[in-house]
Chemist: 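I'd like to ask you about the structure that follows.
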Amino acid sequence: MRISKLFGKTQREMPAEADTISHQLLLRAGMIHQVAAGVYSYLPLAWRALKKIENIIREEMDTAGGQELMMPVLQPLELWQETGRDLAFGKGLFTLSDRRDRKLALGPTHEEVITQLVRYNVQSYRDLPLLLYQIQTKFRDEPRPRAGLIRVREFTMKDLYSFDVDEEGLNQSYNKMLQAYHNIYSRCGLPALLVEADSGAIGGKDSHEFMAITESGEDEIIYCPDCQYTANTDKAQSIKYKTDSEKPLPLEEVATPGFTTIEQVSDFLKVPQSHTLKAVFYIADGKLVFVVIRGDIEVNEVKLKNTLHCIDLRLASEVEVIDAGIVAGSASPIGISGIKIVADDSITSGANFIAGANKPDTHLRNVDYPRDFKTDIVADIAQAHAGEGCPNCGGKLSSTHGIEVGHIFKLGTFLSEKLGAFFIDPNGVSHPIVMGCYGIGLGRLLAAAIELNHDDKGIIWPLAIAPYHIYLCPLYLENPQVATTAENLFADLKAECLEVLFDDRQESPGVKFNDADLLGIPIRVIISPRTLEKNSVEIKRRSVKETELVPLEEIVTRLKELIRV
RNA sequence: CGGGGUGUGGCGCAGUUGGUUAGCGCGCAGCGUUUGGGACGCUGAGGUCGGAGGUUCAAGUCCUCUCACCCCGACCA
């Protein structure tokens, strides 16, 4: 490709809209263009890179035994209502009506459609296992699209769905995908960390995410440097600091005039926060929930949501709390009735806590669970933090950030049961098909690759996903010898089927070098009067500082070597 | 949805207490001089100042409404 003909221009100045590195570089390199919030056009260079990623993914899916198919974006909303996931996705689901006023959804994912498809094509255990996948545009009306290609509303996603006869089969499929995913990231030049994850609106049991580790990532990851434990903070557990075991004392009231927060009360009573009980109020699917947790620990809303099995969860407003007859600031689980009480398991150890008294300006001393109050549910609903104990080995947890570049789920049978996808086992008994699903966002993977592979000059494409391999860069093109050599070399390289971007512009060396760095093509080939004096050209790899001078007659061989590795 | 911010040629920005023909840099087109890390000169094209309404002799500038985009949070994966 000749740069003079290439659609897309580089920009010298930093785009004002972008403050994530991959977003800035993609815009400056003229590779993407924003159409609306979270909606982008891919220009030829970005599209080539995306297709490379797509092909790597396709090869790995095929190798793992996947069969590619294609399903529609446009899906009847009814299908989503059948599984109840229209509610789980909520406003994230793009919906529309056709001319007959039938409700449709733009698919945010395709479990419903494929389960229905499989239902019509699978009757027997002999038809299983199945690994089916598609690479498709999906739509999610994200509350807040951001960071360029990292969080968008329309995106290309590879989704593979596995169908097995039992858990054992699911585990095998899952492991095949784990391996395939590792291969994909490694081939894309993108180190990705496997972390335990929450399954969110997709639902299901076990779930793992693949994270590209970078401080600019929007997910927080808790990990243990001493063992393999790694989890998204949504899911992460930790060993909670244990309070000393004390002999329970009798309850007594204590005046706390004007003190309502845990911090104020613990300061005033000179008691550590870990000796207090905090009350937090949520509205879960419209109903007030009373959450009790130790004062020094925060509620993890994802865990709470999973514990409650609810779809919608938010903090209750002060008005809602007061309307329920609760004394805000001195709320107590003691003597409360008619409200669901959920406790973090942190309250089950220790004794003699400070808690609210359900009377203004008053708290209670020496509260003891379960002596003084009852709960409906006790579970781990605490936010884990770096510095706390690893649940696996007791080591000290650390944290970092990452971009979620893949997510895999053991779905189980809830979708197949709801949509009637059953099979007959060898004994003639009917069972729901056991499912899994495995997704990768291609555009996000591309952006993450840039986040992890760049310098202050521009992108440094990993060879496998670079839009082109070679940046052929003649200097002083008005010099006939340079021009002829460059044209001949371009023709030779094309004849060898090498992927070459030919900077045939009559620009100054500075402009060409800077564009070459910005575009990040892995191998730069310079032809100039200076190199031609030695009957050579200069090769410089984008990822290293050194250059090498290569005689003209060896250049093709040398480039092929560099591209093979 | 809550908070903050920005909308002025393709891009980045300036535009005072309202005052004539809306500027600058980059980029773009033409000509000439240059040339190993974003060269220089000359000439030129390119603008509904996000939109609507209002105040005023006069609005990019003031008022009201509205739209879009960005950031933080909520939410979502």
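Note that this is a predicted model, so its numbers are computed, not measured. In what follows, chains carry the letters A, B, and so on, assigned in the order in which the sequence lines appear, proteins first and then strands, with residues in each chain numbered from 1.
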Chemist: Going by atom type alone, with no hydrogens or angles, which donor-acceptor pairs under 3.5 Å involve a side-chain atom of residues 32-43 of chain A and a protein atom two or more places apart or on another chain?
Modeler:
unit_1: Q34(A); atom_1: NE2; unit_2: A36(A); atom_2: O; d: 3.1
unit_1: Y40(A); atom_1: OH; unit_2: H23(A); atom_2: NE2; d: 3.3

Chemist: Between A59(B) and G15(B), how far apart are the two C1' atoms, rounded to whole Å?
Modeler: 13 Å
Chemist: Determine whether the aromatic ring centres of residues F210(A) and Y185(A) are separated by less than 6.0 angstrom.
Modeler: yes
Chemist: For atom CD of E548(A), decide whether the heavy atoms of other residues, nucleotides or ligands shown that lie under 6.0 angstrom number more than 12.
Modeler: yes
Chemist: If you assign G38(A) and E538(A) each to the RNA chain B nucleotide with the nearest heavy atom, which residue ends up on the more 5' nucleotide?
Modeler: E538(A)
Chemist: Pairs counted as Watson-Crick or G-U wobble with both distances under 3.5 Å: what dot-bracket string results for RNA chain B, using | for bases tied to another strand?
Modeler: (((((((..((((.....[...)))).((((((.....)))))).....(((((..]....))))))))))))....
Chemist: P509(A) side chain: which of C75(B), G38(B), U35(B) is closest?
Modeler: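 Nearest to the side chain of P509(A) among the choices is U35(B).
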Chemist: Within the structure shown, what part of the strands sits under 4.0 Å from D141(A) by heavy-atom distance: base, sugar-phosphate, or nothing?
Modeler: nothing
Chemist: Suppose you measure atom P in G46(B) against the same atom in A22(B); what distance do you get, rounded to whole Å?
Modeler: 13 Å
Chemist: Out of C70(B), C75(B), C28(B), which has the shortest distance to the side chain of A37(A)?
Modeler: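 In terms of side-chain proximity for A37(A), the closest of C70(B), C75(B), C28(B) is C70(B).
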Chemist: Given C69(B), G36(B), C75(B), which nucleotide is nearest the side-chain atoms of R146(A)?
Modeler: C75(B)
Chemist: Would you measure the distance from the C1' atom in G18(B) across to the matching atom in C26(B) and give it in whole Å?
Modeler: 31 Å
Chemist: Is any side-chain heavy atom of F513(A) closer than 4.5 Å to one of K457(A)?
Modeler: no
Chemist: Across the strands shown, which category fits R524(A) at heavy-atom distances under 4.0 angstrom: base, sugar-phosphate, nothing?
Modeler: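 Base contact - R524(A) has a heavy atom under 4.0 Å of at least one base atom.
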Chemist: Take atom P in G4(B) and the same atom in C42(B), then report the distance between them in whole Å.
Modeler: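 Comparing P positions in G4(B) and C42(B) gives a spacing of 47 Å.
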Chemist: Rounded to whole angstrom, note down the P distance from A68(B) over to A14(B).
Modeler: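 Roughly 24 Å separates the two P atoms.
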Chemist: Has the side chain of E507(A) got a donor or acceptor atom sitting under 3.5 Å from an opposite partner on the base of G38(B)?
Modeler: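 For E507(A), whose side chain was compared with the base of G38(B), there is no donor-acceptor pair (under 3.5 Å).
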Chemist: Taking only the side-chain nitrogens and oxygens of S508(A), find out if one of them lies under 4.0 Å from OP1 or OP2 of G38(B).
Modeler: no
Chemist: Which value, in whole Å, describes the distance between the C1' atoms of nucleotides U21(B) and G47(B)?
Modeler: 13 Å
Chemist: Can a side chain N or O of Q506(A) be found less than 4.0 Å away from OP1 or OP2 on U35(B)?
Modeler: no
Chemist: Expressed as a whole number of Å, how far does the P atom of C69(B) sit from that of C28(B)?
Modeler: 29 Å
Chemist: Which one, C11(B), G36(B), G38(B), comes nearest to the side chain of Q11(A)?
Modeler: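 It is C11(B).
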Chemist: Do the side chain of R28(A) and the base of G38(B) come within less than 3.5 angstrom through a donor-acceptor pair of N or O atoms?
Modeler: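 Check passes, donor-acceptor contact within cut-off.
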Chemist: Nearest nucleotide by nearest heavy atom, which residue falls closer to the 5' end of RNA chain B, E478(A) or A16(A)?
Modeler: A16(A)
Chemist: Can you tell me, in whole Å, how much space there is between the C1' of C49(B) and that of C13(B)?
Modeler: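 Taking atom C1' in both C49(B) and C13(B), they lie 14 Å apart.
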Chemist: Contact class for K457(A) vs. all strands (heavy atom < 4.0 Å): base, sugar-phosphate, or nothing?
Modeler: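 The answer is base, as K457(A) lies within the cut-off (heavy atoms under 4.0 Å) of a base atom.
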Chemist: Do the side-chain N or O atoms of R12(A) get closer than 4.0 angstrom to the phosphate oxygens (OP1, OP2) of G27(B)?
Modeler: yes
Chemist: Closer than 4.0 Å, any side-chain N/O of R144(A) to the OP1 or OP2 of C76(B)?
Modeler: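 For R144(A), the contact criterion (side-chain N or O under 4.0 Å from OP1 or OP2 of C76(B)) is not met.
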